[in-house]
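For ligands, and for the atoms within them, numbers begin at 1 and follow the listed sequence. The analysis underlying the following values was restricted to heavy atoms, covering all of them including side chains, and did not include hydrogens, waters or symmetry mates. Numbers here are sequence positions counted from 1.
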Amino acid sequence: MEIDMDLAPLDQFVRLHGEALQYAAFFGTLVLFGALELLITRRREGTQRQRRWPVNGGLTIINIFVLALLPVSTVAMADMAAARGWGLLHWLDVAPAAALVAGIVIRSLVSWAIHLAMHKLPLLWRIHRVHHCDRQMDISTTVRLHPLELVISLPITLAVVVALGLPPLALILYEIADAGLAVFTHANMRLPAKLDRLLQLVIVTPDMHRVHHSTWQPETDSNYGATLSIWDRLFGTYRVKAQHELTAMALGLEDIPERQATSLPALLTLPFRVTRFLGASADAASPRQH
Ligand SMILES: [Zn+2]
C-alpha cells in the first residue's frame with residue numbers, strides 16, 4: 001500500500017511559524033517544568049541556585065545570540081540539497097511522508113553521535129565539560145553550553161543533511177521538539193517512576209538524562225540521547241538507576257572546582273586551559289579515568 005500524503009500545508013505552516021514555535025517550545029517548557037520543579041522536586045538545591053543560575057542564564061543568552069549569528073542553517077542547506085536533488089533520500093526517491101519520518105529519526109541519531117564524540121574525543125570533551133561541570137541539574141542547565149559546542153556541531157550536521165538529503169520539514173519539526181525536550185530532560189523533577197519508565201521506551205526523560213550528569217565516568221559515558229531513547233538501547237549505552245539513587249547521586253565533574261563551575265569567564269576559557277585539581281596527575285582535559 002502506498003503511504004503518501006500532501007505535506008505542503010504542514011511545510012508551509014512550519015516555515016512561516018517554525019522559529020516562533022521553537023522559541024515557544026523552549027520558553028513554554030521553561031515555565032511549565034520550572035513550575036513542576038517546585039511542585040515535584042527531585043532534589044533540594046539549597047543556596048547553590050543563586051550561584052548557578054546567573055552563569056547558566058549568561059551562557060544561555062550568549063548561545064541564543066551565537067545561534068542567530070551562525071551563517072548557515074540546517075534548513076537552508078536542506079533546501080539547497082532538495083533543489084539540486086542531492087542526498088540519499090532524493091536518489092532513492094523516497095515518498096515524502098517516509099522521508100519525513102526518516103529525516104527526524106536520522107537527525108536524532110546525528111545528535112546522539114555528536115554527543116558521543118563530545119565525550120570520546122579529548123578536544124571536544126574540553127568544550128563539552130562546561131555543560132557537565134554543573135553541580136546540580138535543572139532547567140537552567142539546558143543551554144549551559146560553551147558556544148563552541150554549537151559552532152562545532154553545525155558543520156557535522158550540515159554534512160549529514162546534504163549527504164542523506166534530509167527534508168527541511170523534518171529538520172524544523174526536530175528543532176521544535178528538541179527545544180522542548182531539552183528542557184524536559186534537564187528538569188529537576190520527579191515524575192512517577194512508572195510514567196518515567198514508560199516514556200523512556202520512546203523518548204529521553206529526566207531520570208534517564210540525570211544518569212548522564214553523574215560524576216562517575218561509566219555513568220557520564222551513558223545515555224547520550226537528547227530526544228529518542230532508542231539509540232542508547234541500540235548501541236548498548238543505556239543505563240538506569242533506582243529512584244533513591246537518582247536523588248542521592250553526585251552530579252558534575254570532580255576535577256573542576258565549584259568556584260570555576262560557577263564563573264562565566266572561567267567557563268568560557270575552560271576549553272583552552274589545562275586544569276589540575278584535587279591532586280590529579282592526569283590532564284583533566286583528557287577523558288577521565290576513574
Ligand atoms: Zn554529555
Trainee: Applying side-chain hydrogen bond (donor to acceptor under 3.5 Å, both in side chains), name anything that partners T142, two or more places apart in sequence or on another chain.
Mentor: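 With neighbours one apart ignored, the set is empty.
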Trainee: Determine the interplanar angle of the W231 and F235 rings, folded into 0 to 90°, and report it as parallel if under 30°, tilted if 30 to 60°, perpendicular if over 60°.
Mentor: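 Judged by the thresholds at 30° and 60°, the geometry between W231 and F235 is parallel.
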Trainee: Tell me if the CD atom of E19 is crowded by more than 12 foreign heavy atoms within 6.0 Å.
Mentor: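 Not buried by this count: 12 neighbours or fewer within 6.0 Å.
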Trainee: Could you grab the protein N, O or S atoms closer than 2.8 Å to the Zn ion (ligand 1) for me?
Mentor: H115 NE2, H119 NE2, H128 NE2, H132 NE2, H212 NE2
Trainee: Please tell me whether H131 and H212 form a close aromatic pair, meaning their ring centres lie under 6.0 Å apart.
Mentor: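 Judged by ring-centre distance (under 6.0 Å), H131 and H212 do not meet the cut-off.
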Trainee: Check R52, R51, R210, R129 against D134 for a salt bridge (charged side-chain N to carboxylate O under 4.0 Å, His left out) and give me the one that passes.
Mentor: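 One option only clears the test, and that one is R52.
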Trainee: Evaluate the side-chain hydrogen bond (donor to acceptor under 3.5 Å, both in side chains) criterion for residues D207 and Q243: first the C-alpha distance (whole Å), next the side-chain angles of each, then the deciding distance (0.1 Å), finally the verdict.
Mentor: CA-CA 8 Å; D207 280 3; Q243 293 271 307; 2.6 Å; yes
